[in-house]
There are 2 protein chains.
Amino acid sequence: MARSASAMRGQILESALRLFAVHGFRGTSLQDIASDAGCSKASLLYHFAGKEKLLTELLVPAQDALAALLDRVAGLKGDRLVEETVVGYVDLTLRFRREIRLLFEDITEMSCHQDLNVMELADGLLDALAGRSQHPPARVAAWMALGAVFITGATDDEVAPDEVLRTEMIRSALRTLDHTPS
Amino acid sequence: MARSASAMRGQILESALRLFAVHGFRGTSLQDIASDAGCSKASLLYHFAGKEKLLTELLVPAQDALAALLDRVAGLKGDRLVEETVVGYVDLTLRFRREIRLLFEDITEMSCHQDLNVMELADGLLDALAGRSQHPPARVAAWMALGAVFITGATDDEVAPDEVLRTEMIRSALRTLDHTPS
DNA sequence: GTCAGGACTGACCGATCGGACAGTTATGGT
DNA sequence: ACCATAACTGTCCGATCGGTCAGTCCTGAC
């Protein structure tokens, strides 16, 4: 083998994630990724069955982490539910910044993707943020908090050091949800 | 003339806005727009110099409205500044829902567009939402409010009647900014 | 009626895309 | 040393894209 297979795979994934996050899924060609990773387009397609599969493999970890969060807060209620969800969600967006940015670029692409069920997970997250309430004001506030964290996480501006950013995102989101800190 | 020229132009703009909002700029071909508008692709390119020009014409009104808002709050300070900016911004997102959705689909496309200066205007909006403060917590909260309204406005879910939606968006955004209602 | 010009179109072009495939190179087990 | 096979590549393909252009159709002014 010319190189370790897993090393090349990792390099391709790294290049793909970075380029997707900047130029979007449609805006990045397989040739772009291959050139950045230092291999041929044909080699890329040897490691990954197709462009879609590449996308899937990039987003599955973030998806699983979100699913795990939703599972973890499934049994909670009231203040605990909202607090844990917000903190977990903020941490996820900071941990998967580039994936969020990629998701941000091509939402429609993902929403009709078979292997990814972003919309279903988003619904679950929305539900938890709203404290399981169906009350319109609570639902609107939940949408606001969801969007706020999402976009702030996707921003590459160095608006604040990471720890300050995290703390303030959590505090802001809780305020958005009209959650009086305990 | 086969039809009134301005009528055909309007029909094309309408189709383009709707399709762009759903599938994004890159995800919508000139043929798609032409078919939806009921004319040929060549006819579309007779009315509009190119795909980019079509995009520009669609976004200029929203851009001008945002610029007008920023101009209107330029002389304000403190609570009045934040309140007027939030209310104006929320109203803009609701008035230009589909334009927001289009912007949401292809942010990078717009940010490096010569005829559009979205990023500059976004900076101005961010500054006003932060109450002209450079304090990191205020900047983070401003980003959160900006994103919250943006995404909630772009959502097509009928989460609440428009008037309720407007009121709750304003209240949530003000809470995000830690603005105690007067 | 006729004629100038705006409205419109089918056919075509070059570029680029994702992907297929046969063939080549390098490697590790024996 | 040898060979099966994993790793890799150059080249080609069909589809689709934005855009051009010569020419057609229609309408209103005269």
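Numbers restart at 1 for each chain; the letters A, B, ... are given by sequence-line order, proteins then strands.
Residues A/Ile33 and A/Lys41 have side chains not in contact (no heavy-atom distance under 4.5 Å, counting atoms from C-beta outward).
Between the CG atom of A/Leu44 and the C1' atom of D/dG10 there is a distance of 16 Å, given to the nearest Å. Atom NZ of B/Lys53 and atom P of D/dG19 are 11 Å apart (whole Å). In this entry the distance linking CD of A/Gln11 with P of D/dC8 reads 12 Å, nearest Å.
An OP1 or OP2 oxygen of D/dT9 is reached within less than 4.0 angstrom by a side-chain nitrogen or oxygen of A/Ser43. A close approach under 4.0 Å does not occur between any side-chain nitrogen or oxygen of B/Tyr46 and OP1 or OP2 of C/dC8. Taking only side-chain nitrogens and oxygens, A/His47 never comes nearer than 4.0 Å to OP1 or OP2 of D/dA6.
For the residue pair B/Arg175/B/Ser172, the side-chain donor-acceptor check at 3.5 Å is satisfied. Side-chain atoms of A/Glu52 and A/Thr56 include no donor-acceptor pair closer than 3.5 Å.
Within a 6.0 Å radius of CZ in A/Arg171, other residues, nucleotides and ligands contribute 12 heavy atoms or fewer.
B/Phe150 and B/Ile170 fall within the same hydrophobic cluster, defined by Ile, Leu, Val, Met, Phe, Trp and Tyr side-chain heavy atoms under 4.5 Å apart, directly or through other members.
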Summary of protein contacts for nucleotides 16-23 of chain C, nucleotide by nucleotide, where a base hit scores B, a sugar-phosphate-only hit scores S (4.0 Å, heavy atoms): -SBB-B--
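Residue A/Leu59 holds its CG atom at 11.0 Å from CG of A/Asp115, rounded to the nearest 0.5 Å.
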